[in-house]
J.: 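This is the structure I want to talk about, given as structure tokens.
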Amino acid sequence: MMNVFDDFARRGLVHSFTEGLPEVLANQKVTAYIGFDPTSDSLQVGNLLALMGLARLQRFGHTPIALVGGGTGLIGDPSGKTQERQLQSKELIAANVEAIKAQLTRFLDFEVRSNPARLINNADWLTTIPLMDFLRDVGKHFTVNYMIAKDSVQTRLERQEGISYTEFSYMLLQAYDFLQLFDRYGCILQAGGSDQWGNITAGVELIRRVRGMRAYGLVYPLVTGADGVKLGKTEQGTIWLDPKRTSPYRFYQFWLNQADADVICYLGYFTWLSYEEIAELEQAVRERPEQREAQRRLAREVTRLVHGEQALADAERASQALFGGSLEGLSVAEIEDVFAEAPSSEVPRIAFEGPGKPLLDLLVEAGLVKSKGEGRRLVAAGGVYVNNVRVEDASQAISTAQLIGGRFLVLRTGKKQYHLVRTLV
RNA sequence: GGGCAGAUACCCAAGUGGCCAAAGGGGGCUGACUGUAAAUCAGCUGGCUGACGCCUUCGGAGGUUCGAAUCCUUCUCUGCCCA
């Protein structure tokens, strides 16, 4: 029977680990944790690897702890950051912690008897520990020399802006978290992204010094696409797990558009597909890349996991309508449905009567272009479509006759940017 | 506290009296080709206008000048050096 470490390794999830970890994971059931930053009210695609990591640990019989950084979030982790972070208010952090909790439940089983997942907030201990105690119990065990040697600190020291004492302390707080979880729950493994290596080993070190016990660390690789961009960061912004921030349709499209070079890797990272299935898809990518079977499967699996079966079905149907055929033949109800995900705006029907409403005004109001000048240029370049028909004349007005079912207008710029205009009586 | 250098559009960066809405690069957008890809090629990339043209913009404020991103004064900020 394969153990979770081998599974991680096979999926390319192991970047580095502390000595002895493979043996421990092979021979015993452990409690492990990963920290999540509450800097926003939603997790994002960048957190997915961590979520799946915990979920896999749980499936292999280990006990996962999701630690939400309600305390450390007040400080800000310098790892992977080149600039000092903005501090966020305590109220905001607390609200974010609650929102993130809700998202975690989609991935982890909190009910199972044998090894239920736990959700813990480090504000529980970080906001109450007296400074003197912290300095004596934690600070004493670290030399500044040790802390300065860490990568995350080094990169900041090399820069002009430097690093504040506050962020410099972050490592100790995270080490203290690990110690707390070790004491309270017998947690002996911390996982995280490769940028967390310094913080994680600091925790391992602290436990060894004050408890004389062995703890372990495991970091997964930083996921960047073939284009070198951090996964989940697109030109249009971050891809969130919250459907209110990133619609399931956009979410689905995000995965569908992954590069051939990345998709197989991602199937291993983000889905529960077996190695055999992944191998088959790999072959499919090689032999008939234009079919994009692997991307389709990836999009399906991840969208279902994050948003559920119904949202997946909607996203697929919308994708098919938008990229498959024309809008012709779609009923008003279907249009309403397909574009439920697309940005939309409302315009009084009156505006379209008589001479009609200038197209350029519509484009600007819909936010598809920033100015009429930009709209005019876009039309000249052939990048504007009304009801999926390319616009030739920028100065035209849209009249009631062009409204689909007398109610809708579908604006599009480029290949993918849709916007639905609803008319109001 | 003293000295020096600098602040230009989304980013980097040229421009040091009119030819500057401001070179070049990156990024972005659109098109062609494609697989809703990559690569490549082409166009666009301050606002208003059908167009001539007009308006706003080169850290802030004021000034010199027929005319200022460019010169002067002052303020703010950033970096470097000295104390």
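Lettering follows sequence order; numbering is per chain, from 1. We use all heavy atoms of the structure for the numbers below, so side chains are in, but hydrogens, waters and symmetry mates are not. Remember, predicted model here, so these are calculated numbers, not experimental data.
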J.: Can you tell me which nucleotide in B:G50, B:G31, B:C44 comes closest to the side chain of A:Y385?
T.: B:G31
J.: Using atom NZ of A:K370 as one end and atom P of B:G47 as the other, report the distance to the nearest whole Å.
T.: 7 Å
J.: What integer number of Å spans the C1' atoms of B:A61 and B:A51?
T.: 38 Å
J.: On the nucleotide B:C48, are OP1 or OP2 found under 4.0 Å from the side-chain N or O atoms that A:S371 carries?
T.: yes
J.: Partner of B:C44 by Watson-Crick or G-U wobble geometry, both contacts under 3.5 Å, or none?
T.: B:G28
J.: Nearest to the side chain of A:N257 - B:G35, B:A32, B:U36?
T.: B:U36
J.: What does A:R292 touch in the nucleic acid at a heavy-atom separation under 4.0 angstrom: a base, only the sugar-phosphate, or nothing?
T.: base
J.: Are any of the side-chain heavy atoms of A:L54 and A:Q58 separated by less than 4.5 Å?
T.: no
J.: Can you find a side chain N or O atom of A:K416 that sits less than 4.0 Å from OP1 or OP2 on B:A37?
T.: yes
J.: Expressed in angstrom and rounded to an integer, what is the separation of A:K415 atom NZ from B:U30 atom C1'?
T.: 9 Å
J.: Tell me: CD of A:Q291 to P of B:U36, nearest whole Å?
T.: 10 Å
J.: Quick test of your reading of the model: are A:D314 and A:R317 salt-bridged, counting only N-O distances below 4.0 Å?
T.: yes
J.: Ignoring backbone atoms, establish whether A:R377 has a side-chain N or O less than 4.0 Å from OP1 or OP2 of B:U49.
T.: no
J.: Please check this pair: side chain of A:Q295 against backbone of A:Q258, looking for a donor-acceptor N/O pair closer than 3.5 Å.
T.: yes
J.: If I pick the C1' atom on B:C75 and the same atom on B:A9, what distance separates them, to the nearest angstrom?
T.: 24 Å
J.: Atom CD of A:Q295 to atom P of B:A37: distance rounded to whole Å?
T.: 11 Å
J.: Rounded to the nearest Å, what distance is computed from the CH2 atom of residue A:W255 to the P atom of nucleotide B:A37?
T.: 18 Å
J.: Measuring to OP1 and OP2 of B:G47, would you say a side-chain N or O of A:K372 lies under 4.0 angstrom away?
T.: no
J.: In this structure, is the centre-to-centre distance between the rings of A:Y269 and A:Y220 below 6.0 Å?
T.: no
J.: What is the distance, to the nearest angstrom, from the CZ atom on A:R286 to the P atom on B:A38?
T.: 22 Å
J.: Can you tell me the pairing partner of B:A39 across any strand shown, Watson-Crick or G-U wobble, with both distances under 3.5 angstrom?
T.: none
J.: Taking NZ, NE, NH1 and NH2 as the nitrogens, is one of them in A:R209 or A:E205 under 4.0 Å from a carboxylate oxygen of the other?
T.: yes
J.: Taking only side-chain nitrogens and oxygens of A:R376, does any of them come within less than 4.0 Å of OP1 or OP2 of B:U49?
T.: yes
J.: Give the rounded distance in Å between these two atoms: OH of A:Y252 and P of B:U36.
T.: 13 Å
J.: Using only heavy-atom distances, decide whether a donor-acceptor pair under 3.5 angstrom links the side-chain of A:Q253 to the base of B:U36.
T.: yes
J.: Calculate the interatomic distance between A:E374 atom CD and B:A21 atom P; express it in whole Å.
T.: 22 Å
